[in-house]
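What you see is a predicted model, and the numbers here were worked out from it, not measured in a lab.
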Amino acid sequence: MHGNKQHLQKDFFLYNASKARSKTYINMREVSQRFRLPPSEYVIVPSTYEPHQEGEFILRVFSEKRNLSEEVENTISVDRPVKKKKTKPIIFVSDRANSNKELGVDQESEEGKDKTSPDKQEKSPQPRPGNTDQESEEQQQFRNIFKQIAGDDMEICADELKNVLNTVVNKHKDLKTQGFTLESCRSMIALMDTDGSGRLNLQEFHHLWEKIKAWQKIFKHYDTDHSGTINSYEMRNAVNDAGFHLNSQLYDIITMRYADKHMNIDFDSFICCFVRLEGMFRAFHAFDKDGDGIIKLNVLEWLQLTMYA
């Protein structure tokens, strides 16, 4: 177990009995106990009498030899695909618009290179007919729903995005949800708006929906009773499955921010939390040019970053 910093699952405690525990487990101001254990590896699990309460504890260890102990979940990271080219920070509306123009120029130049190199075109793999038909049918469905609400300009604002998402989500009868709120849709636009228009085009919306579908599978995996909610403990595992590796303090913040009074998180809050995590990690990595895990922002950059998140 030494060196394993992952959060222990519930099954670990079901199949591994405790070696020692406090005799009196009652609602007292202070409970103390002293144990004598043989040399081995141990997991210390402090707890409060009622769940979801803050508390402090002191652990004092007397050992005959040198002792190695550490706190788990002290590394904060996110699983991201490997990129060949380091992109510039695209955080603010003006930066996004300028970067989008530069990206268009780069794509045109790359297309020109491809046209002048027929060998590369011949070696490029051809898509399979079955997959092409399936993708075309799905894209056509998206285009029809999108065009009905977006209109001729094929761009949607937060209100229109709410209508589109709720129309698509309502077709999934196995997912119990009241739909997305306007605030959630505004956060989604802030995450996916790559051209700085404050609106989403069809391509941006399709990319957003692919993320929502992936997060939806995670939510349904932990919503075993089909109540449309997951508890705070399951949320910890769901966040990790989505590729976000946080520490205990951040998990507590997520619970306080997105859970209700019963410590349950519904689908809308679940997606909104993942959108915020995705956006903040993306923004941090964009500013972290040297990759040392430290960024420096002035007050204007900080306010622009947090207000549009």
Side-chain angles (χ1 to χ4, degrees), residues 4-12 52 72-83 87 90-91 161 165-166 168-169 172 174-181 183-194 200 204-260 263-288 291 293 305-306 309:
N4 184 7
K5 298 183 180 181
Q6 294 182 353
H7 182 77
L8 295 178
Q9 304 297 322
K10 183 168 57 176
D11 293 341
F12 175 85
H52 310 296
V72 298
E73 295 178 338
N74 55 359
T75 302
I76 302 173
S77 63
V78 59
D79 297 337
R80 303 185 66 87
V82 179
K83 295 183 178 180
T87 57
I90 305 175
I91 307 300
L161 176 62
L165 289 178
N166 290 336
V168 178
V169 169
H172 295 264
D174 56 340
L175 183 63
K176 184 179 179 182
T177 177
Q178 299 295 327
F180 294 97
T181 62
E183 185 61 30
S184 299
C185 294
R186 286 171 175 167
S187 298
M188 295 177 193
I189 287 183
L191 172 66
M192 304 306 304
D193 180 22
T194 58
L200 294 184
E204 293 169 338
F205 171 75
H206 190 271
H207 186 54
L208 171 63
W209 179 245
E210 290 297 324
K211 287 185 173 294
I212 293 179
K213 285 197 301 182
W215 295 337
Q216 175 186 331
K217 292 181 181 179
I218 299 175
F219 184 86
K220 292 171 64 176
H221 173 73
Y222 289 101
D223 184 20
T224 55
D225 57 354
H226 304 288
S227 62
T229 61
I230 62 175
N231 59 42
S232 57
Y233 174 81
E234 295 168 332
M235 183 64 176
R236 177 191 291 261
N237 297 326
V239 169
N240 187 74
D241 290 350
F244 304 106
H245 309 295
L246 312 178
N247 58 17
S248 298
Q249 290 81 0
L250 290 175
Y251 285 122
D252 293 340
I253 291 176
I254 289 177
T255 301
M256 289 187 294
R257 173 64 177 83
Y258 296 101
D260 58 17
M263 297 299 167
N264 294 324
I265 300 173
D266 59 16
F267 183 67
D268 175 64
S269 299
F270 179 85
I271 296 297
C272 191
C273 174
F274 279 23
V275 167
R276 179 59 61 89
L277 285 172
E278 177 82 13
M280 299 310 290
F281 267 111
R282 180 185 298 182
F284 185 89
H285 287 297
F287 278 108
D288 187 16
L305 174 60
T306 56

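For G179 against N166, the heavy-atom pair with the smallest separation is CA-OD1, 3.3 Å. Taking all atoms of both residues into account, the shortest heavy-atom contact from S77 to F281 is O-CZ, 3.7 Å. For the pair G228 and D223, the tightest heavy-atom approach, listed with the atom from each and the gap, is N-OD2, 3.0 Å. The two residues S184 and T181 make their nearest non-hydrogen contact at OG-OG1, 3.0 Å. The two residues L161 and C185 have their closest heavy-atom pair at CD2-O, 3.5 Å.
Between the CD1 atom of I271 and the OG atom of S187 there is a distance of 12.0 Å, given to the nearest 0.5 Å. Between atom CZ of residue F284 and atom CD1 of residue I76 there is a gap of 9.5 Å, rounded to the nearest 0.5 Å. Remark: D252 CG to R257 CZ distance equals 15.5 Å, nearest 0.5 Å. Summarising the geometry, atom NE2 belonging to H221 is positioned 8.5 Å from atom CG belonging to N237; distances are rounded to the nearest 0.5 Å. Atoms CG and CG, on L277 and L191 in that order, are 10.5 Å from each other to the nearest 0.5 Å. A distance of 14.0 Å separates CD1 of I230 from NZ of K220, quoted to the nearest 0.5 Å.
Using a 4.5 Å cut-off on side-chain heavy atoms (C-beta onward), W209 and L165 make contact. Between M263 and N231 there is no side-chain heavy-atom pair separated by less than 4.5 Å. Annotation: side chain of K211 is not in contact with side chain of V275 (no heavy-atom distance under 4.5 Å). Residues H245 and N240 form a side-chain contact, since some pair of their non-hydrogen atoms from C-beta on lies under 4.5 Å apart. Side-chain contact between E278 and F244 is present, with heavy atoms from C-beta onward closer than 4.5 Å. Inter-residue side-chain proximity for C272 and M188 is flagged as unmet; no heavy-atom pair is nearer than 4.5 Å. Between I254 and L246, some side-chain heavy-atom pair lies under the 4.5 Å cut-off. Taking 4.5 Å as the limit, every side-chain heavy atom of L208 sits out of range of all side-chain heavy atoms of E204.
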> Would F205 and I189 satisfy side-chain contact (heavy atoms from CB on, under 4.5 Å), going step by step from the backbone distance to the final call?
Replying inline: CA-CA 9 Å; F205 171 75; I189 287 183; over 6 Å; no

> So D266 and S269, side chain to side chain donor-acceptor pair (under 3.5 Å) or not? Walk me through it.
Replying inline: CA-CA 6 Å; D266 59 16; S269 299; 2.8 Å; yes

> Hey, mind stepping through V239 and F274 against side-chain contact (heavy atoms from CB on, under 4.5 Å) and telling me if it holds?
Replying inline: CA-CA 8 Å; V239 169; F274 279 23; 3.7 Å; yes

> Would I265 and T229 satisfy side-chain contact (heavy atoms from CB on, under 4.5 Å), going step by step from the backbone distance to the final call?
Replying inline: CA-CA 5 Å; I265 300 173; T229 61; over 6 Å; no

> Would F219 and W215 count as a side-chain contact (heavy atoms from CB on, under 4.5 Å) if you check the C-alpha gap in whole Å, the side-chain angles of each, and the deciding distance to 0.1 Å?
Replying inline: CA-CA 6 Å; F219 184 86; W215 295 337; over 6 Å; no

